[in-house]
Each structure stands twice: as C-alpha cells, then as structure tokens.
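Each remark here refers to the structure printed beneath this line.
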Amino acid sequence: MLQYKSQAVAKPYFIAAIALFIGQILFGLILGLQYVMGDFLFPEIPFNVARMVHTNLLIVWLLFGFMGAAYYLVPEEAETELHSPGLAILMFWIFLIAGALTVLGYLLVPYARLAELTGNHLWPTMGREFLEQPTITKVGIVVVALAFLYNVGMTILKGRKTVVSLVLLIGLVGLAVLFLFAFYNPENLVKDKFYWWWVVHLWVEGVWELIMGAILAFVLIKLTGVDREVIEKWLYVIIAMALITGIIGTGHHYFWIGTPEYWQWWGSIFSALEPLPFFMMTVFAFNMVNRRRRNHPNKAAMLWALGTGVMAFLGAGVWGFLHTLAPVNYYTHGSQITAAHGHMAFYGAYVMIVLTIISYAMPMLRGREAANSNRSQVVEMWSFWLMTVSMVFITLFLTGAGILQVWLQRYSDDPQPFMVVQEKIELFYWMREVAGVIFLIGLVLYVISFFVGQRQPEASAKPLPAVSPAEA
Amino acid sequence: MHAVAEAMTGRPDSFPLPERRAQGSAAGAAQERVAWPPGDLAIWIFILAELAVFAIFFAAYAFARMGELELFVTYQQTLDTNLALINTLALITSSYFVVRAVGRIRADDAGGCIRWLAGALLLGGVFLGVKSLEYAHLFGEGVSLSTNTFYTFYLSLTFFHFMHVVMGMVILAAVAVKAAQGHYSREVHTGVETGASYWHMVDLVWLILFPLVYVM
Amino acid sequence: MSQVFTKAMARNIFYGGSVFFILLFLALTFDTIKVLPERDNRANLTEKVAHGKAVWEENNCLGCHTLLGEGAYYAPELGNVYKRFGESKEAIKAFIASRPVEGIPGRRSMPQFNLSEEDGRAG
C-alpha cells in the first residue's frame, strides 16, 4: 500500500531496471565465453561491442534504479505527492527509448559508422570507456537528468526536508554535474584521461556513495523502526568519510597517465582510507538491525540491506585496497585484478542497493500491505544467495587470473607476451564463466520471485522477542 | 567506544556506566562534571580519521626518506628552522589560549572566552603569515611539488596542515561568534569544547610535523 | 553530563569536510595543470596525432585494448605497441590491414576496420 499515489511512478523504473539487468548479464556471459572461445559470435558481435553493451546497460539500469528509488522515497520523506508524476513518466519513456536506440546502434552498425551518423566529429565525445554513447545520447541523458532533478527538487522544496532526501538530492545533483565532464574531450590524452576520471571515479567513489547511503538509510528507517535521528547521524558521518577519502582518492588513477608523481603519494594515502566509509556502512546496517524496534515482515529486503553493506565493503573496500597502493598498482594496473575489483564493487555497492530498494518497495507498488508472501520471499532469498555467492566466485577466479597474469606477464624474470599469458590462464576464465551461469540462474530466480506466491497471504512479522538483559 | 555506541544509538540506558555517573554526582556542580571526551563525539570521530590520515602521511614520509636519505637531509637544510620554531611557539601558545577560553566559559564568562579565542585566532594568523613567507621564499626559488621527493612531501604535508589551520580558525571564529551571541554558558558549552578539541589536534599534528620535517 | 553527539555537528563535518577536500583537490588539480606542459609532450601534438586519437575513439579500440592501462583487458596494451612491433609503423599498419573479416577460428581476432590510408597513417 502506497502512502502517496505518485510513488507509483517508481514501478516502471524498477521494471525497466530489472529488464536491462538481464540484458547486461546475458552480454556478460557472451564476453566471458569470448575470453575462452575467441571466435564466438565473431564478427557479428565482436568483443568491444558486447563489452560496451555490458557496461552501458549496467550504468543505465543503475540510473533507472536510482531514479526509481528517488521517485519512491522522496514523496514519503517529503510527505507530499510528487511535483509532476506526468513528467516522471514522460522522462521514463524518453530515457528508455534513447537507451534502447543507443544499444541497437551499438549492435546493428559498426561503431565508426555510428559515430559518423551521430555527427561525432562535430563534438567528439565517443570512444572513451563507459562514455561510448553518441554525443546526442549524452545530451539526452543531461535533459532527462535535469527534468528528474527539477521534479524531485520541487517535491522536496514544497514538503518536509529530511536528511535522507537532502543527501539523496546532493548525490543526484553531483551525479548530473560531474557527468558534464563527459562533454570535455581534449586532444591531449593526459588531460582527456585526467577529467574522464572526474566522471568515472567521482561518480562511483564519490557522489554515488551519497545516493547509496541515502537509500540504505531510508530502507533501514523503514525496516528497523530505529529513531530517524540516529540513522541520520550515521548517514552524515558515513558520507563525510566517503567524500573526505574519495575526493583525493581520485589520485589513485593518476599514477601512470602522465600526471605528476606526487599523485602516487596523495592517491595511495587517501585511497588507502577509502574502505572506511564502506566499513562504516556495514557496521551501520548491522547495528541498526540489531537495535530494531520492530520486526518487519519483508525479510528479503532486510537480507539485501545487510548484504549490500558487506559486499560493498568487500568489493569496493577490500578488493579496492588490494591494488590501490602505487607500488602494487605498478604491477597490477590494467590487469584482471582490476576486473575482479570492478565486478564485486559494482555488484556489492550499486547493484545490491538498487535491489534493496526494489525489494523493499515493490510489494507496496504492487498493492501489498508491506511484504510479499513467504513463498515469494524464499525464492527471492535463494536468488540473493545464488547471485551473491557466484559473484564472490567470479571475483575470486578473476583475482586468480589476475595474479597469474601479473606474475607471468610482468613480474617474473622472463616476462611473456599478453596473448601467451591469456592462454595459460584460460582455466580461470572457464571457471568464471561457470560462476557467471550460476549468477544468471540466480537472476532468473529473482525474476521468478515476482510471480510466485502471489495469491498467498502476506508474510507476517513475528513479534520482537523480549530483549534479554544480556542483549541489552 | 561505549560512549560512541551510546551516542550513536541514542539509547543511553543500554550502556549503564555506573562509575562515571557516581563520579559526576559526587563532584556536584563543579567543573569535574566534564564528560570525556570533551565536546561533541562527532568531532572525535573526525579527529581520529584526520589523525589516521596524518599518521599514514608521516609513515609514507619516513618510508620515502629511508629510500632517499641523502636527498632528504640535503634539502631539509634549505628550510628555515627559525621561522618554523616561531610557528611552533605560536601554535603552542594558541592552544594554551584555547584552554583558557574553555576555562572561562566553564566559569560562565563569555567575554573572557571570546578574548582568549581572539588571541588564539591572532596567533593562528601569525602562523599562516609566517608559513606564507616561507612558501613565498621557496616558490621564489622555483621550488614546486614536483621538484623532488623531499619537496613533494614538505609541501604536501605542510600545505595539508596549513589548510587545517585555516579550517581550525574558521571553527574557532564560529565558536567566538556564537559565544558573542550568548549561546554558551557554564551549563551549555559543548561547542567551545568541540572547537578546542579540533584546534588541539591541529596543534598536535604540527608538533609531530615540525621535528619530523624540519629537524630530524 | 551525558555524552553529546549532535546531528548538527555530524552535518557540519560533512559540509566542512567536503568543502575542505574539494578545495584541496582543486589546488592539486591547479598544480597538475600548471606542470603538465612540461610532461605531456604537447609540442608534438600535431593535427595527425589528434586525428589518430579520433580514429582510436571512433573505432572503440579501448573496447578490447588498454591505453596506459585503461580500457578493456581482452587485447594487449597499445601504449607500447610501437616498441613491440620493432619500432615499425609499417608493421603496425600491415597488421591492422590484414585482419581477416571472418576472424580466426577458435581464437581472438581483431575486427577488420577498413581504415583508410589516411586513417591508418594517423592511427
């Protein structure tokens, strides 16, 4: 049951997010197979195209998730209807169609032709990692982002202003503003890379952490019934740590791209502390759940909320720290170690936070009182474990591949060529692909969880057991 | 940590601390009622994080120095130890002033508190002025962050600390303004203690930085 | 006196800390931009080089390769390709031009990009 009618606009956003998520994983499996069967789908879908689809779909569906999250939680936080539900729906279709056209463009015409068709020479922004979209698509993203910020901002302005919605808004504004650097593509490669990281790093290790923190705080307030004051204090401290460590932490990308050597020190020192906010997020989630004042019937959402803290800390924090110090990174830079970190960090921090809010909000968006039936939740929790455990294995296998790669190709007395090494570590790629298939099975179960146990009654919350003196 | 957990969970009764309470009540209304740590707990989390950054920075300095000992010793001699000594005295004295400011507000003397804070701010200004002179001299010689590893560290560490002094002064000034507006009293003066705690941290870092970079 | 941990203080630390580190980051950026001309060989940035960068971008080369370690990890780093190909531009051009359209059975292959002579020279 929705508290505000206009929260319903979140539903299409969440559905689109899940649909694109499926696409992302399918292309991920294609990529994984191409690592071991080089000619798979060649020349129809060469690796570079599949990878572009894989990473771009990830970004787009996470953005759908963030927007859906904002449309769901802002009215509830602001205690008022959304400023314009119509605008939100319009932007949904614009974003979806622009995204679909872009992906079709990737798949149907050669990339160089797409660049030509979209007039890339007039304002070249294409062909840079994660920012491969045609310039016109980038303009579309900005338009959608502005309309979205306007809609959410107006809602917050006219209603109750809470820390959660404020932090979310700061994160979203930061996201939009930093994206503008995607339009700056100087001919000077050093400068190009320097500012490219202002989009990529300051997103995922900066403002996105604000968005993640705000969504997590919202869900925890709802699930645990812990006093808002307490949760908001935590939120402030966590995001303060995120920006304090993350902003200068950008320096860990400035080790080897032609920027001055002092970045090796600044980058190493501050990024060594970047696990801190993620660690605090984990402690925060568990602490709040331990001190809950009620048992919420949505156990699955609780599982996601706890899981995202742990996995974000492991993926972003631990696996990030693993190769962030300059002397280590000297050897590991641009190897499968980076891929291992990227997979678990994105899954743990951003995939799981979006799945957390979907898990929490979807039952209400579909007319339930507070939660799905037990049966549906059991399937969802299975999908949680399948996806999470298989992602741990994907990360471990890639880490194994990376360590071997670094050793054979860069560290040993007798360094061997790239392709020779790739063949030697094939076994790890095969195992990663198997783990990837299990991830897909988890994802399929996740989708199924929306369709099972629909006619069964809602799960009920067991009363909170009396607090024993030892626990207090 | 109990205190942190207690404040962050907002459930003071979950961590009964009988001893401290007993002390508090025995001391009555006197100054001994001071809670530990003084000031807002949030600032202590922040201070710990800052000290961690500086500690790693100092460790990195020591590590780099081991590798290029000769270079570090040579270029250390280009620094002006006398100016740094003046700055050390300025900061120590300012810390004392801040202690007096806290003492005054605990005695319900907002005017005295503001005067001591103003003194501390003045000395902070002296620090910034002297440091700027030092920078101007070095920059005039063409020294930059990229000159060599020693200067990378010297400039990084001192500039990072310099910004902390500015930050500390902003905080002390804000405290002084609030004191002038009558927000603080013998009973309510957490803000003064918070600002003082931060300022002492800035001072403490300099007391390590000075011998490490200038003298050793 | 009970412990205090106010939301206002946590908020101040967030805003104060963020501004502090944004300023520090901008200061370092300023210094970086100042010294870059001594480091990035910009004197050699001819029109041909710029064209080469455009060819690199418009064919999505980093979808497989890395450049200075950034990109995809499916194919070798290109920052050192000149050295690896015996410092021969001709060898690199010949390699790119000779990629089979249908790929190599069972193996990874670079697509045939049909680069023009001009693009090939610049790339």
Side-chain angles (χ1 to χ4, degrees), chain A residues 31 34-35 37-39 42-43 46-49 51-52 110-112 115-116 120-121 124 126-129 132 163 185 187-194 229 232-233 236-237 239-240 243-244 247-248 250-251 253-254 256-260 262-263 266 333-336 338-339 417-419 422, chain C residues 5-7 10-11 13-18 20-22 24-25 28-29 31-33 35-36 39-42 45 49-50 53-77 84 101-114:
Chain A
L31 292 167
Q34 286 177 334
Y35 255 97
M37 295 166 57
D39 59 347
F42 192 91
F47 182 89
N48 71 317
V49 171
R51 181 179 193 268
M52 200 157 54
Y111 191 71
E116 203 183 312
N120 189 54
H121 62 282
M126 290 172 75
R128 293 174 306 149
E129 199 180 3
E132 293 94 345
V163 176
N185 180 18
E187 286 166 0
N188 183 326
L189 187 70
V190 184
K191 277 163 81 179
D192 171 8
K193 285 178 175 290
F194 188 85
E229 279 290 303
E232 290 179 342
K233 265 186 244 175
Y236 268 134
V237 175
I239 58 172
L243 293 189
I244 287 170
I247 293 175
I248 306 292
T250 316
H253 301 294
Y254 296 161
W256 331 111
I257 61 167
T259 32
Y262 56 74
W263 283 109
W266 281 102
H333 183 53
S335 70
Q336 294 296 327
T338 320
F418 179 90
M419 281 313 298
Q422 288 297 304
Chain C
F5 186 124
T6 58
K7 196 165 84 184
R11 184 197 60 213
I13 288 173
F14 167 62
Y15 286 116
S18 304
F20 181 99
F21 281 94
I22 288 170
L24 180 60
F25 187 59
L28 289 170
T29 298
D31 182 87
T32 299
I33 295 309
V35 299
L36 269 193
R39 312 174 53 93
D40 59 13
N41 295 320
R42 63 181 62 187
L45 264 185
V49 175
K53 185 167 181 275
V55 171
W56 156 267
E57 285 166 359
E58 296 192 344
N59 290 285
N60 193 32
C61 301
L62 62 65
C64 294
H65 296 276
T66 52
L67 187 59
L68 304 184
E70 292 169 4
Y73 317 125
Y74 189 68
E77 160 74 24
R84 284 191 287 108
V101 178
E102 292 301 316
I104 308 165
R107 297 181 54 83
R108 301 182 195 176
S109 171
M110 187 161 132
Q112 175 51 259
F113 287 108
N114 299 313

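Numbered from 1 within each chain, the chains take letters A, B, ... in sequence-line order.
Using a 4.5 Å cut-off between heavy atoms, A:Met419 touches chain C through its side chain atoms alone. Of the atoms belonging to C:Val101, it is backbone heavy atoms, and not side-chain ones, that fall under 4.5 Å from chain A. Heavy-atom distances place both the backbone and the side chain of C:Lys7 under 4.5 Å from chain A. For C:Leu28, the parts lying near chain A are the backbone and the side chain together; criterion is any non-hydrogen pair under 4.5 Å. Contact annotation for C:Leu45: only side-chain heavy atoms (C-beta onward) come within less than 4.5 Å of a heavy atom of chain A. The parts of C:Asp31 that come within reach of chain A are both its backbone and its side chain, each placing non-hydrogen atoms under 4.5 angstrom from that chain. Using a 4.5 Å cut-off between heavy atoms, A:Tyr111 contacts chain C through both its backbone and its side chain. Contact annotation for A:Pro110: neither backbone nor side-chain heavy atoms come within less than 4.5 Å of a heavy atom of chain C. Both the backbone and the side chain of A:Ala112 come within contact range of chain C, each with at least one heavy atom under 4.5 Å from a heavy atom of that chain. Contact annotation for C:Arg42: only side-chain heavy atoms (C-beta onward) come within less than 4.5 Å of a heavy atom of chain A. Of the atoms belonging to C:Arg107, heavy atoms from both backbone and side chain fall under 4.5 Å from chain A. Contact of A:Arg128 with chain C is made through backbone and side chain together, with heavy-atom distances under 4.5 Å.
Side-chain atoms of C:Tyr74 come within 3.5 Å of backbone atoms of A:Gln34 as a donor-acceptor pair (strictly under, hydrogens ignored). Using modelled atom types, one side-chain atom of A:Lys233 and one backbone atom of C:Phe5 make a donor-acceptor pair closer than 3.5 Å.
Among C:Trp56, C:Phe21, C:Phe20, the residue making the largest number of heavy-atom pairs under 4.5 Å with chain A is C:Phe21. Of the residues considered (C:Ser109, C:Gly63, C:Ala54, C:Ser18), C:Gly63 shows the highest number of contacts with chain A, using heavy-atom pairs under 4.5 Å.
Between C:Phe25 and A:Trp263, the two ring planes are perpendicular [angle over 60°; tilted spans 30° to 60°].
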